[in-house]
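Encoded as structure tokens, the structure appears first; notes follow it.
Order of the sequence lines fixes the chain letters, A, B, ..., with proteins taken first and strands second; residue numbering starts at 1 for each chain.
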Amino acid sequence: MWIDDADRIVRPGFNSRVHALVCQVPRGQVTTYGDVAAALGSPRVARQVGFALAALRDDDVPWQRVINAKGTISFRGDTDRGEHQRRLLEAEGVPFDAAGRVPLERLRFRAFTEVAG
DNA sequence: GGTTTGACCATAA
DNA sequence: CTTATGGCCAAAC
């Protein structure tokens with residue numbers, strides 16, 4: 001039901017699916033674009049996952065918990081959103097390395113692997 | 001319906 | 001460790 005009033009949000013199907021998985025990520029844990037994509041059934045659609053997150057509003061979906069496979073925060077070039085994401089994760093208890101990375105192996109959320117099979 | 005793009009990932013040097 | 005290249009799939013134009 002994410003923003004059904006919006007014009008171009010949650011309209012596409014894939015987009016909505018990504019949101020659903022991201023919402024399943026518990027607080028204090030993170031996931032990667034590739035994992036979310038794999039959960040959808042296609043580990044190659046990692047780019048689409050990011051694209052989907054870009055289309056949603058930070059109101060209802062914890063997109064902040066989605067980072068890249070290297071454990072670092074990805075952003076288009078606008079460090080504003082990147083810093084915002086980091087602060088949100090830190091507020092949830094997600095530690096950051098000196099290199100700006102998180103212990104992905106420790107906080108990686110694999111619950112939707114059951115969904116994939 | 002073809003072309004362009006994209007918050008990525010894996011591999012090679 | 002960094003830099004460069006291919007690919008994959010869906011959304012937007």
Legend entry - Pi-cation contact, A:Phe96 with A:Arg101 (under 6.0 Å, within 45°): no
Expected rows: protein N/O vs nucleotides 1-8 of chain C N/O, under 3.5 Å:
residue : atom : partner : partner atom : Å
C:dG7   : O6   : A:Arg47 : NH1          : 3.3

Legend entry - Salt-bridge present (A:Arg110, A:Asp35; N to O < 4.0 Å): no
Separation of [X] atom [atom1] from [N] atom [atom2], in whole Å?
X	N	atom1	atom2	value
A:His19	C:dA11	NE2	C1'	12 Å
A:Arg17	C:dC9	CZ	P	15 Å
A:Phe51	C:dA10	CZ	C1'	8 Å

Can you name the closest pair of heavy atoms from [X] and [Y] and give their distance?
X	Y	answer
A:Leu53	A:Val22	CD2-CG2, 3.8 Å
A:Tyr33	A:Ala46	CB-O, 3.7 Å
A:Val49	A:Phe14	N-CE2, 4.2 Å

Inset, instruction - Taking the side chain as every heavy atom from C-beta outward, state whether A:Val102 and A:Asp97 have any atom pair closer than 4.5 Å. - result: no
Inset, instruction - Side-chain contact test, heavy atoms from C-beta onward, threshold under 4.5 Å: evaluate it for A:Val30 versus A:Leu104 and give yes or no. - result: yes
Distances under 3.5 Å only, N/O to N/O: pair up the protein atoms with those of nucleotides 9-13 of chain B.
residue : atom : partner : partner atom : Å
B:dC9   : OP1  : A:Ala69 : N            : 2.7
B:dC9   : OP2  : A:Ala69 : N            : 3.2

Legend entry - Side-chain donor-acceptor contact under 3.5 Å, A:Glu92 with A:Gln29: no
